[in-house]
Each structure stands twice: as structure tokens, then as C-alpha cells.
Amino acid sequence: MFFLTAIMDRPVEGKAGEAIGRIEDVIVRMGDDRYPPISGLVVRDGPRRFFVSANLLQKLNGAARLSSSTVDLQPFARRSGEVLLRRDVLDHQLIDITGRRIVRVNDVQLTLVEGAYRVVGVDISPQALLRRLGPRALAGRIVGRQIVDWTDVQYLASTAPVQLKVSYDRLAELHPVDLARIVDALSYRESAEIVAALDEETAAETLEEVSDERVADLLEGMDQERAADILEEMAPGAAADALEDLDDEVAEQLLARMEPEEAADVQALLEYDEDSAGRIMTTDFVRVPARSTVGEALALIRSLEEVPDPLLAVYVVEPEDPATLRGLVRLRTLILSAPATPVTEVMDEDLPTVAPEDRAENAARILAEYNLLAVPVLDEERHLLGIVTVDDALAVLLPEIWQRRGGRTFA
Amino acid sequence: MRKRLWPYLLALGPGLLAASAGNDAGGIATYASAGASYGYGLLWAMVVVTICVGVVQEMSARMGAVTGKGFSDLVRETFSLRQTALILLTLLIANIGIIVSEFIGVAAAAELFGVSRYVAVPLAAVFVWLLVTRGSYGWVEKIFLFLTLAFLAYIGAAFLARPDWGRVLHETFAPRLHLEYGYLNLLIALIGTTISPYMQLYIQSSVVEKGVTPEDYRYTRFDVVVGTVSAGVVAVFIIIATAATLYPRHIVVDTAANAARALEPVAGHYAEALFAIGLLGASLLAAGVLPLATTYMLSEALGFERGVSRSWSEAPIFMGTFTGLIVLGAGIALIPGLPLIQVLVGVYVLNGLLLPVELFAILRLINDRELMGEHVNGRTYNFIAWGIAVVVSVLSLALIVMTVAGWLR
């Protein structure tokens with residue numbers, strides 16, 4: 001096991017020990033291997049840079065030794081699918097999947113596995129930096145390494161100037177909240193690469209947690225069809241926040257490309273100010289006509305194609321006018337009551353409600369004061385528009401510092 | 001027509017902000033000193049330096065747009081580790097100097113209001129730290145920026161002081177050069193304050209953050225040019241105003257109160273208050289942005305966990321560096337008996353001396369075809385850019401030689 005910085009600029013010898021040049025860089029083939037194999041070296045001899053295939057390598061550690069004394073002096077040219085360890089990996093950024101953070105590669109660990117030299121890990125310790133900064137003779141005296149296994153890192157294809165097919169499978173191990181933190185901390189282009197690799201649902205969950213400005217930039221930068229698909233998957237409130245930060249023209253194009261139903265939800269929320277109860281409310285809830293029984297209400301829930309999550313209560317409305325709220329039945333009550341009981345008998349009336357224009361904090365305060373899990377939002381005509389759940393309100397109540405902050409800009 | 005103009009106006013922002021941040025405490029002190037000590041004698045330099053700023057800022061913005069990466073990222077990924085260390089160290093020293101100068105600016109502004117700096121500076125340090133770590137800096141920044149509009153009063157002051165416009169033009173376009181220590185010192189300070197490394201860091205990172213692409217880069221370039229020109233105009237008028245009012249009376253700008261006296265034609269008795277408001281805004285603006293920018297620069301290059309919303313245990317080095325920079329800057333500004341304005345100018349002389357390192361690093365990166373592709377400098381443009389780097393280096397070297405010669409005498 002050895003390290004890239006220990007072999008960089010070291011001599012390369014032929015079969016008989018004659019000098020051929022020095023190691024300029026190490027070429028790695030990125031593919032399906034868990035540990036990418038070395039495909040060759042870039043060897044420097046004076047002003048010349050040429051390629052030496054890994055097949056000729058007898059030994060790499062210490063002084064590199066080749067199995068032949070003749071080498072092809074064809075000048076080195078970059079090829080797609082290949083990465084230069086010194087130029088494209090060392091000193092570059094990677095995502096440490098287990099550590100859920102962005103790291104910089106201070107050294108690269110190599111080893112001989114199954115007859116091939118392979119990249120097995122990266123050293124991210126500050127000691128590795130010190131070893132490289134000081135004179136080489138002192139390097140051995142500095143101890144301490146922090147190795148991240150190569151199977152635990154995500155390489156960013158945008159780092160290398162060649163076409164790369166990088167597998168992004170490892171990103172799936174990250175929780176959307178951690179993904180969002182990484183997307184916020186990376187530069188725009190790198191974050192766009194990450195989001196492009198996610199499926200629509202994960203992308204939507206991730207973007208819900210990313211700062212509004214970055215989401216707007218990302219949506220604007222991607223294909224409109226995909227942007228619209230992701231917006232459909234996002235919570236309508238988060239989608240509305242993101243659209244509001246876009247140019248009006250782009251926002252309208254995206255809304256037009258969304259499924260009419262989802263677009264209408266988002267558009268309805270856009271009517272209300274940011275930080276209003278109307279903006280954070282959920283329009284996804286279950287209405288039950290007042291003449292139903294508990295059993296019918298439960299059957300109605302089961303028959304729904306998409307059941308709201310979280311499902312806290314069902315809302316009892318006038319049978320002729322489903323916009324008029326009569327009361328609500330908690331899910332707990334619904335389960336405990338006999339199926340034949342009319343819902344009007346077990347429903348709670350005289351509920352506290354909020355108006356969509358009310359401040360979101362106000363809705364949160366009512367939830368806390370009345371120990372509710374959700375509060376209905378009614379307009380001036382007392383029509384039921386939506387509900388604000390504890391989940392929605394929590395994001396408002398928590399101080400701003402807990403929220404994802406706007407990326408890396410200095411201000 | 002309207003449709004074609006609109007994207008340009010929308011793009012106005014980072015370039016404008018970066019350039020006006022250049023007119024901070026040290027900038028005002030340097031421009032006022034230049035006018036008071038040499039009359040219109042350094043006006044030509046201000047015009048030349050403004051063009052240089054434009055060229056350097058444009059290169060930084062272009063790097064950001066083409067590579068999508070910040071300056072310290074590019075340095076770490078392109079240069080050897082030892083070169084990276086040297087470049088980051090000079091940027092760190094330069095930025096620490098400017099952080100000190102911002103707190104000195106706060107001190108000077110407070111003293112104009114009759115508040116002791118031993119009260120004002122620690123208060124400002126805590127205030128800025130809280131604002132940035134609690135994440136409420138965004139809108140406060142706009143207030144600070146608004147306060148700096150007070151410096152626009154220098155434009156009015158310059159006109160009301162009835163300068164001899166014929167002489168102003170003559171000295172600008174047919175300058176007489178002096179080769180003496182004080183003149184050269186101020187010339188380098190003028191370069192150092194106007195081409196501050198953090199302005200390049202700032203413009204590049206905001207271009208990266210906004211995700212500007214090479215295709216719509218022309219709007220960013222427009223922003224850079226407008227920002228540079230408007231900051232240059234303010235600087236030129238500060239020199240004219242002080243040259244017309246202070247120079248004939250042989251008033252040297254050694255205190256903030258003296259610098260404020262050039263505003264008397266506009267503001268009368270309120271000159272000091274107006275000056276103090278502008279100074280306070282400019283100083284607080286940069287005192288928040290700089291420690292944060294410097295900490296990001298180091299953390300990005302070295303790969304530490306970063307972000308002001310992280311707790312101490314999550315990002316100890318990040319939070320420690322950020323806090324340390326503020327404490328250090330405020331601490332130095334509190335040293336008793338520190339001659340404020342001289343230190344301000346001194347900081348920018350240091351900045352000017354360190355500038356060549358940064359300029360050569362930018363030139364190396366901007367001409368790297370693997371990074372920049374077809375967007376490397378054109379031949380003429382490269383000639384000008386290299387010219388700037390070489391001239392700044394020669395001037396810095398000359399100042400060092402003259403300083404050493406002064407000691408030996």
C-alpha cells in the first residue's frame with residue numbers, strides 16, 4: 001500500500017535499470033470497478049510527455065520499474081473515460097458518503113489488488129498536507145492519516161475535463177436532507193451535476209431542503225420538462241417558494257408544463273405571501289360529507305388513490321357544498337368509534353381556524369396553544385382552503401439558523 | 001430595444017457591490033491623502049488604476065463564469081501545494097490587513113461622533129459576529145451599503161469647491177511624475193486599495209454562485225464595467241474635492257476629521273457627521289464580508305467543513321477561524337496610540353506589495369487552455385494584463401528598495 005504523492009516525480013526505470021523518465025501522472029480508468037485500476041503512467045522526460053501502459057509496469061512503489069527497455073514515445077493525449085490522479089483527483093473535491101460531507105483529497109492511496117494497481121482510498125487528513133508542504137526528508141516523521149475508502153466516495157465527473165461515465169449509485173445512500181446540505185455547499189455547476197443524477201422523487205425531496213435561490217438557479221439551468229416533473233413531486237409550498245425566485249416568464253413556462261392539477265395547487269399558493277398561512281398550508285386532505293358514517297369515512301380513505309401523508313384527521317363538510325367546513329374527526333376517534341356511528345356525532349366543532357393571509361407564525365402559535373396537529377385555513381366566506389399541519393409549522397417556528405442557508409456566497 | 005437592455009440591468013449587482021466595497025475606510029483615507037498631499041498630482045494614476053481594476057475584475061469574473069469554480073478552488077486544483085500555500089498566505093495577510101483597517105474605520109467614525117473607540121470597536125466586533133453567525137446579514141448589508149451613499153457628497157463637494165477644471169484636466173492627461181518616497185508610497189497605496197484581492201474573490205465567487213455561463217457572461221461583464229467606472233468616479237471626485245479644499249491650505253489628512261473637512265462646502269457643520277456615517281457604513285459592510293470571505297477561502301482550499309450555520313462542534317476550524325479573524329482585526333485596531341489614518345494607508349501599501357502574487361496567479365489561470373478553453377485572454381488583452389502585473393511588481397519593488405535604502409542612510 002502506498003501513496004500518490006510518494007511516487008509523483010519519481011524516476012521510471014527500464015528492464016535493465018536504465019533511466020526512462022519521471023512519473024508525471026497516473027492514469028486511472030473509471031468504470032464499473034469498485035476500486036478503479038491504473039491503466040498507465042504519464043512519464044516525463046525533459047519536455048516530452050508520453051504514455052506507458054500499465055501492462056509494462058513491474059513495480060510502481062519506490063522507483064517504478066518496467067518490464068521492457070523500449071517504450072513508445074508517442075506523445076500523451078487525454079482520452080475520454082480516463083482520469084489523471086494528480087491533475088483531476090489530488091487536491092480536488094469529493095463527496096464523502098459515510099461522512100455526509102464534501103472533502104478535499106490531500107493524498108491518494110494505491111495498492112496492488114488482483115494483479116493490478118488500484119485506487120483504494122483518499123487521505124483527507126491535514127497531516128497529509130503538512131507532509132507535502134515540508135521537505136521530503138521530514139515527511140516520514142509526520143504521522144496520522146484519515147483514509148476514506150474509495151467505495152465510500154462520490155467522484156464528481158465535472159472535475160475532469162474529459163467525458164466520464166461516473167456511477168452515482170452511492171448518492172442513493174444519502175438522506176435528502178444531507179444531499180441538500182451538500183448541494184448548497186457545492187458550487188452551482190457541481191450541484192447541478194448531483195441533482196441531474198437523482199431520480200425525480202429524490203431530487204424533489206432534496207430541493208425542498210435546498211435554499212430558495214439555489215433551487216431557482218438549478219431549475220432554470222435544467223431541461224424544462226425535467227424541472228416541471230420535479231416541481232410536481234415537490235410539496236406545493238416549496239414549489240411555490242422556488243417559482244417565486246424565478247423570472248416570471250420562466251415560472252409561467254414551467255407551470256404550463258406541469259400537470260394541470262399540480263400546477264393549479266402551486267398557483268393557488270402563489271396567491272399568498274411568503275410566510276403566510278396560505279403559503280405553508282397543505283391542500284391535500286380528506287373531506288367527508290356530513291351524512292357519512294365512521295365506516296363510510298374509513299372506506300373513503302381506503303379508496304383514495306393517494307392518501308395524504310401525514311393523515312391526522314378527516315374534515316366533515318356540507319354534502320351539497322364541500323367547501324363549507326362543519327368540523328373534523330381525528331383519525332384516532334375514527335378508528336375507535338363503531339363503524340355505524342354518524343361522523344357528525346364524533347366530530348369536533350368550534351375549531352380554531354386561521355385565514356390564509358395570517359402570518360405563518362400565527363398558525364404555528366395556534367397549533368401550540370390548542371395542542372392541535374393541524375389547523376384548518378378558511379377564507380372570508382368561511383370556505384375550507386387547506387390545513388396547516390404541525391410539520392409545516394415546525395419549519396416556521398425553528399429559528400432561521402437551523403434552516404439551510406444560502407450556499408457559499410459571502411453575504 | 002427594451003428587451004435587449006433588460007438582461008443587462010438585471011445583471012447589475014455583484015460587480016457594482018464588489019467595486020463599491022473597494023471604496024472602504026482605507027480607500028477613502030488613501031484618496032483623501034492623495035488629494036490633500038499632492039493636489040491633482042495623482043489624478044492620472046486614479047484613472048489608470050481604474051482601468052486596471054476593470055481588467056483584473058473582468059478576468060476574475062470570466063474565470064468564474066467559464067470554470068464554475070471559486071478562486072481558491074482553482075488555485076488549489078491547478079498550482080502545486082507549495083505555490084497554493086504561498087498564494088493563500090499572501091491573500092490571508094492582505095485580508096487581515098484590510099480587516100484591521102475596517103475596524104479602524106469604525107473607530108475613526110465613532111470618534112467623530114464623540115464615542116470612544118474602546119467602546120465602539122468591541123461593540124462593532126460583537127455586532128458583526130452575531131449578524132453573520134445568526135444569518136441575518138443579508139438585509140443589514142443593504143443598510144450599510146445605503147449609508148455609504150454619503151460618500152457621493154464628495155461629488156457635490158468637488159463642484160462646490162470650484163476647482164480649476166482646466167488644471168484638473170491638464171494634470172489628469174499630462175501628469176508630472178515625481179520619483180520620491182511619499183509619492184511612490186501613495187501611488188502603491190492607491191493601487192493596493194483599488195485592486196483589493198478580496199474584490200476579485202468576491203466577484204468570482206458570486207459569479208460562480210449565480211451559475212453564470214459563458215453564454216450569458218456578457219451581462220456580467222457589463223456589470224463589472226459599470227461597477228468599476230462608478231467606483232472610479234467617486235474616487236476621482238474625492239481626490240478633486242480634497243485637492244481643491246485641503247491641498248491649498250496644506251492640511252494633511254492624518255485624522256478622519258481632516259478628511260471630513262473636504263466635505264464642508266456641501267455639508268457645512270454637518271461635514272463630520274456625514275463623513276462619519278459613510279465611513280461607518282463602509283467599514284461595517286466590509287468588516288462582515290471580509291472575515292467570512294477569508295474563512296471560506298481557507299476552508300475551501302483546505303477542505304474543512306464549512307458554513308456559518310454549522311455549530312462549533314460541526315465546523316470547529318471554520319467557526320474558530322472566522323471568530324479569530326474578527327478578534328484579531330478588532331484587537332489590533334484597539335492598540336492605544338495607533339495613528340489611524342497612517343495605519344490605513346500602510347495597510348494598502350502592504351496590499352499593493354502583495355498584489356503581484358495574486359495578479360500572476362490570475363494570469364496563469366486565465367491563460368490555461370485546459371481550464372478556460374477558447375475563453376483565454378486575447379493577445380492585446382493579455383499584453384495589457386501582463387503590463388499591469390509587471391508595472392505593479394516594478395513599483396512594489398521600487399518601494400521596497402527605497403524603504404531599505406532609507407533605513408541604510
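For clarity, every value in this text was computed on a predicted model and none was experimentally measured. We name chains A, B, ... by the order of the sequence lines, and we start the count at 1 in each one.
D223(A) CG: more than 12 foreign heavy atoms inside a 6.0 Å radius.
Atoms CD and CD1, from E300(B) and I102(A) in turn, are 9.0 Å apart once rounded to the nearest 0.5 Å. For the atom pair OG1 (T84(B)) and CG (D91(A)), the distance works out to 6.5 Å, reported to the nearest 0.5 Å. The distance from the CG atom of L81(B) to the CG atom of L130(A) is 9.5 Å, given to the nearest 0.5 Å.
Under the 4.5 Å side-chain criterion, counting only non-hydrogen atoms from C-beta, R189(A) is not in contact with K69(B). At least one side-chain heavy atom of R104(A) sits under 4.5 Å from a side-chain heavy atom of D73(B).
The ring pair (Phe, Tyr, Trp, His ring centres under 6.0 Å) search around F2(A) returns Y117(A), not counting sequence neighbours.
Summarising the geometry of R76(B) relative to L129(A), their closest heavy-atom pair is NH2-CD2, 3.4 Å, with the distance given to 0.1 Å.
In this structure, chain A has a heavy atom under 4.5 Å from the backbone of T67(B), while its side chain stays farther away. Only the side chain of R78(A) comes within contact range of chain B, with heavy atoms under 4.5 Å apart. In this structure, chain A has no heavy atom under 4.5 Å from any part of V75(B).
When atom types are taken as modelled, the side chain of R87(A) and the backbone of T78(B) share no donor-acceptor pair closer than 3.5 angstrom. The backbone N or O of V208(B) lies less than 3.5 Å from no partner atom in the side chain of S187(A), so there is not a single donor-acceptor pair.
Ranked by non-hydrogen atom pairs under 4.5 Å with chain B, the options L218(A), L90(A), D217(A) are led by D217(A).
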